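Report on the following structure.
Hydrogens, waters and symmetry mates are skipped; everything else that's a heavy atom, side chains included, is used. Letters go in sequence order (proteins before strands), and every chain restarts at 1. Quick caveat, the model's predicted, so the values are computed rather than measured.
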Amino acid sequence: MLDKTFDPTSFETALYERWEASGCFNAGQPGREKADPFTIVIPPPNVTGSLHIGHALNNTLQDVMVRYHRMKGDDTLWMPGTDHAGIATQMVVERQLAQTQQPGRRELGREEFLRRVWAWKAESGGTITRQLRRLGASVDWPRERFTMDEGLSKAVIEVFVRLHRDGLIYRDTRLVNWDPVFQTAISDLEVESREVKGSLWHIRYPVEGGGEIVVATTRPETMLADTAVAVHPEDERYAALVGKHVILPITGRRIPIVADAYSDPEKGTGAVKITPAHDFNDFEVGRRHSLGSPSMLDAEGRVTLAEIGRGSDFLNSLDGLDRFEARKRIVAELEATEALVLVEPHTHQVPHGDRSGVPIEPRLTMQWYVDAATLAQKPIEAVETGRVKFEPKLFENTFFAWMRDIQPWCVSRQLWWGHQIPAWYAPDGQVFVARSEAEAQELAGAGVALTRDPDVLDTWFSSALWPFSTLGWPEQTPALDKHYPTNVLVTGFDIIFFWVARMMMMGEYCTGVAPFSTVVIHGLVRDEKGQKMSKSKGNVMDPLELIDAYGADAVRFTLCALASPGRDIKLAKQRMEGYRAFATKIWNAARFLEMNGIAPDPAWKREDATAPLARWILEKTDAAVASAAASIEAFRFDDYASGAYAFTWGTFCDWFIELAKPTLSGEATDEQAQVKGAAQYALGTILKLLHPVMPYITAELWEKLGYGDAVGLVTAEWPAVPAFATEDLNAGGIDWAIGFIEDIRATRGEFARLDPANAKAWLGATLPISGPGLLAQAGGNAGAIARLAKVTLGDAATGDAAQCAQMVHGGALYLISVGAPIDVAGASKAKRKDIEKLEKDLASTEARLANADFVTRAKPEVLEEMHERKRALGEKLGMEKGVLERLGG
RNA sequence: GGGCGCUUAGCUCAGCGGUAGAGCGCCUCGUUUACACCGAGGAUGCCGGGGGUUCGAAUCCCUCAGCGCCCA
């Protein structure tokens with residue numbers, strides 16, 4: 001017997017353990033050797049991470065698809081794992097070392113430090129994968145991969161070597177985004193703009209031979225490395241100065257005034273200082289004018305005079321100062337020497353490292369670059385030709401915009417944790433890229449001393465290989481053969497560039513095909529006010545806490561139901577309460593069936609179900625199954641959830657169970673047996689239907705009610721929809737009965753509504769209702785109608801209409817004898833309102849039919865519908881007027 | 001500044017050419033063979049403003065306004 005109260009926490013964890021232990025989530029289930037594959041690779045979460053609500057959404061959607069396809073009989077693989085998150089992980093371990101007063105990274109040395117990182121990973125790297133289990137994610141755990149695994153590392157080396165061989169990876173000296181905290185290059189995507197309230201300093205630069213030019217800058221300290229002043233070629237104010245030189249304050253260096261369209265005459269003074277080594281735009285200007293590009297900051301963001309030379313005592317005193325301290329001193333010095341003209345408050349966007357949180361420095365260094373523009377060609381074409389589709393399609397624009405303007409991808413990082421670049425240098429600087437040191441030595445020749453590049457690759461380099469490296473590439477493994485290319489990638493739109501673009505570039509390059517055929521983009525999960533969740537705002541919702549409070553199924557269902565394609569989700573706890581109530585409803589419905597001796601019947605045959613109610617629920621069930629499948633296949637997770645909800649609660653609980661009660665409580669007839677048979681089938685189908693989104697409660701009920709064991713549901717066959725399914729959705733007049741019951745209930749309300757004293761007396765009472773042909777029309781549903789509408793049915797309309805509640809239904813008048821006085825005023829008011837509405841509708845329908853253009857141009861079926869509408873409205877209007885008349889109104 | 005979206009019932013959102021839908025909330029009523037995390041009934045919409053296309057527009061086009069996101 002089911003417990004009276006539904007408590008998800010009492011069975012969720014145990015169920016998951018059984019599922020996992022049984023291996024039912026794994027690909028290659030028995031008998032599916034020849035089945036179609038269905039494959040999703042998880043976008044590998046950061047190994048240092050923990051599950052946030054965005055992961056919960058992302059993985060719920062994947063799980064819905066995966067569980068659905070598994071039930072459809074596909075050989076389904078959901079590949080799990082994590083990425084090694086170079087900077088984040090190194091940061092975590094370094095912080096841990098510092099907190100426990102252990103020697104730092106540099107003191108430990110690379111080898112020992114890496115040993116510590118692996119130790120950390122072994123101990124703490126499983127947080128997020130444990131949490132995925134709590135969510136119910138049905139991934140193939142035995143195949144779990146990590147981007148630093150041996151096989152995946154081998155793939156990384158292989159790709160690097162191949163790219164190098166093909167000239168698609170090269171070393172270059174360019175400006176990179178430099179993170180002074182981590183002292184490494186980071187990618188554009190790891191940089192976020194933050195609005196900063198700063199100043200615009202106007203500085204006077206004396207012109208050689210007399211005069212001056214005032215430049216405006218947000219970064220005065222970089223003037224130490226200025227190599228020019230630029231003015232707009234058409235700016236008449238400065239035309240005479242172009243070609244002359246200025247003498248830089250502080251360093252005393254002589255630099256040219258150049259004409260360059262980069263300078264905006266409208267901004268500041270119209271003259272800008274050019275510091276090629278410290279600004280991306282200036283770097284371009286420098287290149288156009290063949291300027292030098294000395295740096296004035298070192299890797300830690302401290303002033304260095306190494307490239308600009310020593311000079312005055314003041315200049316020399318800056319050596320080694322932090323960049324912000326140097327700015328203060330330089331501004332003070334400029335002020336003291338009256339070189340500072342003006343300081344304006346100025347709010348501007350400053351790039352910050354997303355991990356370190358400090359302003360990044362553009363820094364001129366030699367790094368390894370991937371020729372992304374070339375690699376992007378095939379992915380672009382794949383999307384253009386529809387080989388890869390975005391859902392929703394709109395996001396293809398975002399993809400194109402980025403891919404068509406893609407910059408060289410800097411892949412080297414000055415870190416220790418990651419895939420060390422397979423490049424070795426000879427003493428003369430010659431580079432040998434090879435799969436191993438031995439291979440490099442072979443290339444270099446015996447006896448040449450080789451040093452390996454100390455840098456590692458960007459984490460995204462290995463993540464980009466994830467869809468095939470996890471399946472064994474570069475080996476042509478059976479798994480790769482079967483499951484690659486994968487079917488779907490699911491990700492948030494904020495991460496299109498990280499995942500989608502890079503996986504597609506590498507997939508096309510390495511395997512010749514796109515790594516997936518559909519990209520499902522979902523929105524961000526925000527708080528109920530639509531604000532982004534953040535720790536600082538304190539509005540973060542922890543999915544684990546939500547699961548504890550509402551159950552994993554309710555959390556999953558909520559996310560699924562709210563997942564309109566590509567739209568952000570405003571998540572309120574209230575929604576989860578609502579869907580927890582849904583889970584409770586299912587539980588109670590199951591209990592009701594159990595209490596009525598309705599049990600799974602493997603021998604049950606749908607052909608035997610001839611009773612109208614049985615036929616009716618079977619047909620509704622079939623329609624719900626078809627619609628759920630179509631929604632999931634169309635990636636309409638919201639439609640899937642709301643359709644299943646409406647069917648389960650509205651159709652099955654509110655109508656089927658209620659209509660079945662008279663039969664169930666009566667004699668053990670053949671009809672009762674049929675209704676019970678249909679009921680057990682419908683409930684079993686509901687459990688299957690909801691299993692992709694609510695795996696726990698469905699499995700628990702599946703087992704407790706005796707449909708099978710909870711593990712079995714995972715691979716149970718998705719319900720079949722027989723061909724006769726939608727033939728007759730009004731089997732035996734059930735739909736008529738429902739409409740009739742609804743009208744009686746509404747009529748009661750109208751005729752009792754405004755008179756509380758009487759209302760109470762007869763709202764609760766069973767009243768006689770009669771009308772022409774009623775008993776014949778009600779047929780086998782008479783008992784149910786009587787029960788649900790609280791009436792006793794009679795066949796002919798008799799009695800004094802003025803003393804009865806009157807109901808117009810389907811072109812006939814029905815009288816409900818009332819034991820107490822009816823609310824004449826209230827009913828008249830309601831009728832007048834009905835009549836008004838009917839008159840309005842009729843008038844507009846008639847107007848349309850009177851329009852010659854409409855009659856000649858509208859589709860025939862629309863025209864016919866209008867005629868029928870006119871007829872029905874006219875008929876109903878006439879009858880409602882009669883009702884009002886008899887009421888004396 | 002450039003690009004993309006959004007604006008539909010009090011709230012959150014579906015619908016995207018044939019007379020407006022859901023969930024939640026609200027109001028009234030209700031201990032009936034599961035369920036008060038429930039049941040029954042009800043109210044509520046110039047579908048952001050304006051213009052156009054069409055026999056017909058929430059739905060297509062233009063425009064304005066407000067909001068949001070991305071890129072510079």
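One C1' atom belongs to C62(B), the other to A57(B), and the distance between them is 15 Å to the nearest Å. Across the C1' atoms, U19(B) and C13(B) are found 23 Å apart, a figure rounded to whole Å. Spacing between G41(B) and G51(B) at atom P, rounded to whole Å, works out to 41 Å. Atom name C1', nucleotides U28(B) and C70(B): the rounded distance is 49 Å, in whole Å. Here the separation of U59(B) from U7(B), taken at their P atoms, is 11 Å to the nearest Å. Rounded to whole Å, the separation between the C1' atoms of G45(B) and U12(B) comes to 16 Å. U8(B) sits 37 Å from A34(B) when the C1' atoms are compared, rounded to a whole Å. On the C1' atoms, G17(B) is 8 Å away from C60(B), given to the nearest whole Å.
Between the E192(A) side chain and the P351(A) main chain, no donor and acceptor come within less than 3.5 Å of each other. In this structure, Q672(A) contributes its side chain and L664(A) its backbone to a donor-acceptor pair below 3.5 Å. Side chain of D527(A) to main chain of G530(A): a donor-acceptor pair is present (N/O by atom type, distance under 3.5 Å, no hydrogens or angles). Judged purely by atom type and a 3.5 angstrom limit, N596(A) has no side-chain atom pairing as donor or acceptor with the backbone of I598(A).
In this structure, K837(A) places its NZ atom 10 Å from C1' of A20(B), rounding to the nearest Å. Protein atom NZ of K840(A) is 11 Å distant from nucleotide atom C1' of C46(B), rounded to whole Å. Atom-to-atom, CZ of R575(A) to C1' of C13(B) comes out at 7 Å; the value is rounded to the nearest Å. In this structure, the CZ atom of F399(A) is 17 Å from the C1' atom of C71(B), given to the nearest Å. Regarding L683(A), its CG atom lies at a distance of 12 Å from the C1' atom of A34(B), rounded to whole Å. Rounded to whole angstrom, the span from the CE atom of M576(A) across to the C1' atom of U12(B) amounts to 13 Å. The distance from atom CZ of R748(A) to atom C1' of G30(B) is 12 Å, rounded to the nearest whole Å. Taking atom CZ of residue F280(A) and atom P of nucleotide A72(B), one finds them 11 Å apart after rounding to whole Å.
Nearest nucleotide to the D639(A) side chain, out of A14(B), U19(B), A34(B): A14(B). Of the listed nucleotides (A34(B), C69(B), U32(B)), A34(B) has the atom at the smallest distance from the side chain of F592(A). Closest to the side chain of Y579(A), out of G23(B), U19(B), A43(B), is G23(B). Of the candidates C24(B), G23(B), C13(B), C13(B) carries the atom nearest the S564(A) side chain, counting heavy atoms from C-beta on. Comparing G18(B), C13(B), G23(B) against the side chain of R567(A) picks out C13(B) as the nearest. The side chain of R848(A) sits closest to G18(B) out of G18(B), C4(B), G25(B). Considering only side-chain atoms of A858(A), the nucleotide from G18(B), U19(B), U12(B) that sits closest is G18(B). Comparing G23(B), U19(B), A34(B) against the side chain of D841(A) picks out U19(B) as the nearest.
Between E700(A) and K704(A), at least one side-chain nitrogen of the basic residue sits less than 4.0 Å from a carboxylate oxygen of the acidic one, meeting the salt-bridge criterion. Salt-bridge check for K661(A) with E658(A): passed, with a basic side-chain N closer than 4.0 Å to an acidic carboxylate O.
Among the atoms of the strands shown, only primed sugar atoms or phosphate atoms (P, OP1, OP2) are found under 4.0 Å from some heavy atom of L394(A). Nucleic acid contact for I598(A): none, since no nucleic acid atom lies under 4.0 Å from a heavy atom of the residue.
When each of A746(A) and F493(A) is assigned the nucleotide of RNA chain B bearing its nearest heavy atom, the one mapping closer to the 5' terminus is A746(A). Between N397(A) and P565(A), the residue whose closest nucleotide on RNA chain B is further toward the 5' end is N397(A).
Under 4.0 angstrom from either OP1 or OP2 of A72(B) there lies no side-chain N or O belonging to Y262(A).
Secondary-structure stems of RNA chain B, taken as three or more successive Watson-Crick or G-U wobble pairs (i with j, i+1 with j-1) under a 3.5 Å distance threshold, comprise B:1-7 with B:65-71, B:10-13 with B:21-24, B:26-30 with B:38-42, B:48-52 with B:60-64.
Side chains of Y579(A) and R575(A): a donor on one and an acceptor on the other come within 3.5 Å. In the model, D7(A) has no side-chain atom that pairs as donor or acceptor with a side-chain atom of T5(A) under 3.5 Å. A donor and an acceptor atom, one from each side chain of R591(A) and N588(A), are located under 3.5 Å apart.
Annotation: cation-pi pair R580(A)/Y550(A) absent, no NZ/CZ under 6.0 Å from the ring centroid and within 45° of its normal. With a 6.0 Å cutoff to the six-membered ring centre and a 45° limit on the axis angle, K585(A) does not count as a cation-pi contact of Y645(A).
The aromatic rings of F11(A) and W587(A) lie parallel to each other, their planes meeting at an angle below 30°, with 60° marking the opposite boundary.
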Which letter, B, S or -, goes with each nucleotide of nucleotides 35-40 of chain B from 5' to 3', with contact meaning a protein heavy atom under 4.0 Å? B-BSSS
